[in-house]
Student: 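The structure under discussion is supplied below as structure tokens; questions concerning it will follow.
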Amino acid sequence: MDGVDKEKVQRVVYEMSKGSKYFENEERKEAFIKQKIENMRAQCANLTATDLPQYQMIADKRILELESGRDLSRTWLHVDMDAFYAAVETLENPLLKGKPMAVGGMSMISTANYEARKYGVRAAMPGFIGKKLCPDLIFAPPDFKKYTHYSDLTRKVFLKYDPNFVASGLDEAYLDITEVCKERAISSIEIAEELRKCVYEETGLTCSAGVAPNRLLAKVCSDINKPNGQFVLPNDRMHILIFISSLPIRKIGGIGNVTERILSDVLGINTCEEMLQKCAFLCALFSRSSADFFLSVGLGLGKTDAPEVRSRKSMSSERTFSATANEDSLYQKLADIAATLSSDMEKEGLSGRTLTLKLKTDSFEVRTRAASFQSHINSSEDILIHASKLLKAELPISLRLIGLRMSHFNDEKIGTVDPTQKKLTSFIIPGDSSAKLTCSNNSMPASSGNSGRDSMDHSVTCLPIYAHNNTFVDPFHDCESENPSNSNQLSDFEQMHDISSNIAGEMELEFRSKQNDCQSEVATADTTASGTQMAKTKSFFGYSETNFVDKHNKRSNFSDEVNKKQPPQILWEDDYKCALCGAELPPSFIEERREHSDYHFAEMLQKEETELNERDLIQRQRTSNVVQNAKESKRKKRKNNPKESSHLPIDMFFVKSSQNF
DNA sequence: TTAACCGCATACG
DNA sequence: CGGAGCGTATGCGGTTAA
């Protein structure tokens, strides 16, 4: 923004911040990042003259592969409403017009209008600093009902240009305008102009648009002539490379503050073009997927296909309050949050297996503590019981925030078969589309008024997908066409990593396996659902395999180092008697023999380590409860004395084994 | 060996 | 007067149980 005195803004922000606990925490974080940068610099310096040409070769190969996937056949448009929340407030209260205003409060600003931005007031800035920068600043409390209403109006417009558009939050959307341009034989420039005009007529709000051959670039373009402007990048490789050449990396979605600093301070990369110049270093320092993303950015590549609809993975609720160490008060807040989360989950018919407690101490340090369970839970009582255990382990503590997150939902694909999960056939209720569907060990109504995302969840889990005319409906196709406006937030980084199609692949796998389950029972099961999706499944496998190889290598190296102690190979005399204690176990008792061997192993280790002071204590903790307690004490131990931790599993094992004997 | 899990950091609207 | 949010998703590095 022109006319912003950046130095003054910085000075004010610094003056208001320094000495605060928040500021001290920021400094700690800053030191951590600096350390990280130093480490990576050292890593760079350690690259030998033989390393670099090898990484250069890898990088060149990757660039060729990525380039070969370039698709210039599509035209994407990214729409971004200008200062959306603030604009809506002004629209409904014309007295605010022309005055500096922000949506939010003294503690945090969500959106500032352009008048306020002239003073340096920004989104994600605390209100009291905004007020200091601009004493006339007016605050409007957020009102999401209003914003949703206007968002719906804009979406009605978007539908006319792309019935499958992808919404990203309330104020942004990606539209594939390839077909509209073709059908109406007009340029993307005209489409963008017309769309913006139409949005203004329908809502009275202005927006900005960017047009480019992929979503990543379209998003960058919509920012160029903001507010109330547009920028069109032609579907031409040379144009793209020129555009990219001077583009600061921070403009790319997925590259935030920290990544920008790492790339800049470690490798001297400031523009997208420099990603290619330093490609060998990128491949040497970063994981395959990160390096691929960075190289793609350098080439100006991005996703061009329609992203898959993704189901929710977690749901959370958190609250900030004035810091307290009063335990009654903390438990009360925890109970409130558990109730909020539970009610939110019930609204979507969800229940989850993993609960994560989030804490922010009065010094702004953030901690998370998680626990997973055998069965899915969603009642506020169950959530509170487990959450309290997690919190109890952290006491005493002074907190300014408590949060709870549930994940691993009942309808999620899991690797091993959930024993509580019913077979598909138990869900099939032939011919009755109104029947309630029972999923896992909790029931949820198959409501008709659900969002597309929900119907997706249900279809993946429950799968008796009969329409009223009793024909089989493709769940993937169905939810996309039914609710194109569902809010699918995809960062460019994720898109570039092909994560959405991975998830689609996972769902696909489950879908297909369940379909197989029911084929003998359901003669009407449709086979057309698989044909086109087969390819996606394959690409899912291809991607994962390469990923797993990397992980696998890292882990096996690690475990080679750590697992130096191996269980003794017990000799079974006459293939029957334990050579160590004479216990008799026939060869067919494989499991029992393994446990027996483990017992001797544990015994052996125990002898070795009897001098350890803390062992008795740990053992008592172990015997007292199951996994949960074991994990907690291990965590404490790890903090206090990291060296000890490697002994703990053995102790635990010993206790377990000795119970068997 | 490996999938599942945990804790932390990063990013975005 | 001091005062720095909420919800969702992902990657990375690590541990653990089976």
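Since this is a predicted model, take the numbers as computed values, not measurements.
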Student: When the distance from CE of A/Met315 to P of C/dA9 is rounded to whole Å, what number comes out?
Tutor: 9 Å
Student: With a non-hydrogen cut-off below 4.0 angstrom, is A/Thr259 in contact with a base, only sugar-phosphate, or nothing?
Tutor: sugar-phosphate
Student: May I ask you to verify if any side-chain N or O of A/Arg369 is less than 4.0 angstrom from the OP1 or OP2 atom of B/dC8?
Tutor: yes
Student: Could you check whether A/Lys360 gets within reach of a base, just the sugar-phosphate, or nothing at all, counting any heavy atom under 4.0 Å?
Tutor: sugar-phosphate
Student: Please determine, for the side chain of A/Thr368, which listed nucleotide (B/dA11, C/dC6, B/dG7) has the closest atom?
Tutor: B/dG7
Student: Using OP1 and OP2 only, check whether a side-chain N or O of A/Ser290 sits under 4.0 Å from C/dC12.
Tutor: yes
Student: Which part of the nucleic acid does A/Glu172 contact within heavy-atom distance under 4.0 Å: base, sugar-phosphate only, or nothing?
Tutor: sugar-phosphate
Student: Give the nucleotide from the list B/dT10, B/dG7, C/dG3 with an atom nearest to the side chain of A/Ile33.
Tutor: B/dT10
Student: Relative to each other, are the rings of A/Tyr85 and A/Tyr147 parallel, tilted or perpendicular (30° and 60° limits)?
Tutor: parallel
Student: Quick one: on DNA chain B, does A/Val258 or A/Val366 contact a more 5' nucleotide (nearest heavy atom)?
Tutor: A/Val366
Student: In terms of side-chain heavy atoms, does A/Asn39 have a donor or acceptor partner in A/Gln43 at a distance below 3.5 Å?
Tutor: no
Student: With no hydrogens and no angle check, do the side chains of A/Asp82 and A/Ser208 hold a donor and an acceptor under 3.5 Å apart?
Tutor: yes
Student: B/dA9, C/dC6, B/dC5: which one has an atom nearest the side-chain heavy atoms of A/Leu401?
Tutor: C/dC6
Student: OP1 or OP2 of C/dG3 sitting under 4.0 Å from any side-chain N/O of A/Ser107?
Tutor: no
Student: Is there a side-chain polar atom (N or O) of A/His408 under 4.0 Å from OP1 or OP2 of B/dA4?
Tutor: no
Student: Rounded to whole angstroms, how far apart are CD on A/Gln374 and C1' on C/dA17?
Tutor: 12 Å
Student: Which residue, A/Arg319 or A/Met16, contacts DNA chain C at a nucleotide closer to its 5' end, judged by nearest heavy atom?
Tutor: A/Met16
Student: Is any side-chain nitrogen or oxygen of A/Arg310 closer than 4.0 Å to OP1 or OP2 of C/dA9?
Tutor: no
Student: Once you round it to whole Å, what is the distance between P of C/dG13 and CZ of A/Phe286?
Tutor: 11 Å
Student: Figure out the NZ/P separation between A/Lys219 and B/dC12, and round it to whole Å.
Tutor: 8 Å
Student: For A/Ala123, answer base if it contacts any base atom (sugar-phosphate contacts may also be present), sugar-phosphate if it contacts only those atoms, and nothing otherwise; contact means non-hydrogen atoms under 4.0 Å.
Tutor: nothing
Student: Heavy atoms from C-beta onward define the side chain here; which of B/dC5, B/dC8, C/dG11 lies closest to that of A/Arg367?
Tutor: B/dC8
Student: Which residue, A/Arg215, A/Arg155, A/Lys219, forms the salt bridge (Lys or Arg N to Asp or Glu O under 4.0 Å) with A/Glu172?
Tutor: A/Lys219
Student: Side chain of A/Thr320, heavy atoms from C-beta onward: which of B/dC5, C/dC12, C/dG5 has the nearest atom to it?
Tutor: C/dG5
Student: Within 45° of the six-membered ring axis of A/Tyr14 and under 6.0 Å from that ring's centre, is NZ or CZ of A/Arg11 located there?
Tutor: no
Student: What's the closest nucleotide to the A/Ser372 side chain, out of C/dG7, B/dC6, C/dG5?
Tutor: B/dC6
Student: Looking for any heavy atom pair under 4.0 Å, which part of the strands does A/Ile109 touch: base, sugar-phosphate only, or nothing?
Tutor: nothing
Student: Ignoring hydrogens and angles, state whether a donor on the side chain of A/His408 or A/Thr354 is under 3.5 Å from an acceptor on the partner side chain.
Tutor: yes
Student: Ignoring backbone atoms, test whether A/Ser316 places a side-chain nitrogen or oxygen under 4.0 Å from the OP1 or OP2 oxygen of C/dT8.
Tutor: yes
Student: Can you tell me which nucleotide in C/dG3, B/dG7, C/dT8 comes closest to the side chain of A/Ser314?
Tutor: C/dT8
Student: Is there a side-chain contact between A/Phe294 and A/Ile269 in this structure, where contact means two heavy atoms from C-beta onward sitting under 4.5 Å apart?
Tutor: no
Student: Could you give the CG-to-P distance, from A/Asn25 to B/dC8, as a whole number of Å?
Tutor: 13 Å
Student: Whole angstrom is fine here: how far is it from CG in A/Asn39 over to C1' in B/dA9?
Tutor: 15 Å
Student: If you compare every side-chain N and O of A/Arg250 against the phosphate oxygens of B/dA11 (OP1, OP2), does one of them come in below 4.0 Å?
Tutor: no
Student: By nearest atom, which of the nucleotides B/dG13, C/dC6, C/dG5 is closest to the A/Ala124 side chain?
Tutor: C/dG5
Student: Please confirm whether the backbone N or O of A/Leu170 pairs with a side-chain atom of A/Ser151, one donor and one acceptor, at under 3.5 Å?
Tutor: yes
Student: Please work out if A/Ser110 contacts a base, only the sugar-phosphate, or nothing of the nucleic acid, heavy-atom cut-off 4.0 Å.
Tutor: nothing
Student: For A/Thr356, report the nucleic acid contact type (base, sugar-phosphate, nothing); a contact means any heavy atom under 4.0 Å.
Tutor: nothing
Student: Quick check: on DNA chain C, is the nucleotide nearest A/Glu318 upstream (toward 5') of the one nearest A/Phe23, or the reverse? Name the residue that is more 5'.
Tutor: A/Phe23
Student: Measure CD/A/Glu365 against C1'/B/dG7 and give the value in whole Å, please.
Tutor: 12 Å
Student: Checking contacts here: which listed nucleotide (C/dG3, C/dT8, B/dA11) is nearest the side-chain heavy atoms of A/Arg405?
Tutor: C/dT8
Student: Could you check how far CD1 of A/Ile262 sits from P of B/dA9, rounded to whole Å?
Tutor: 13 Å
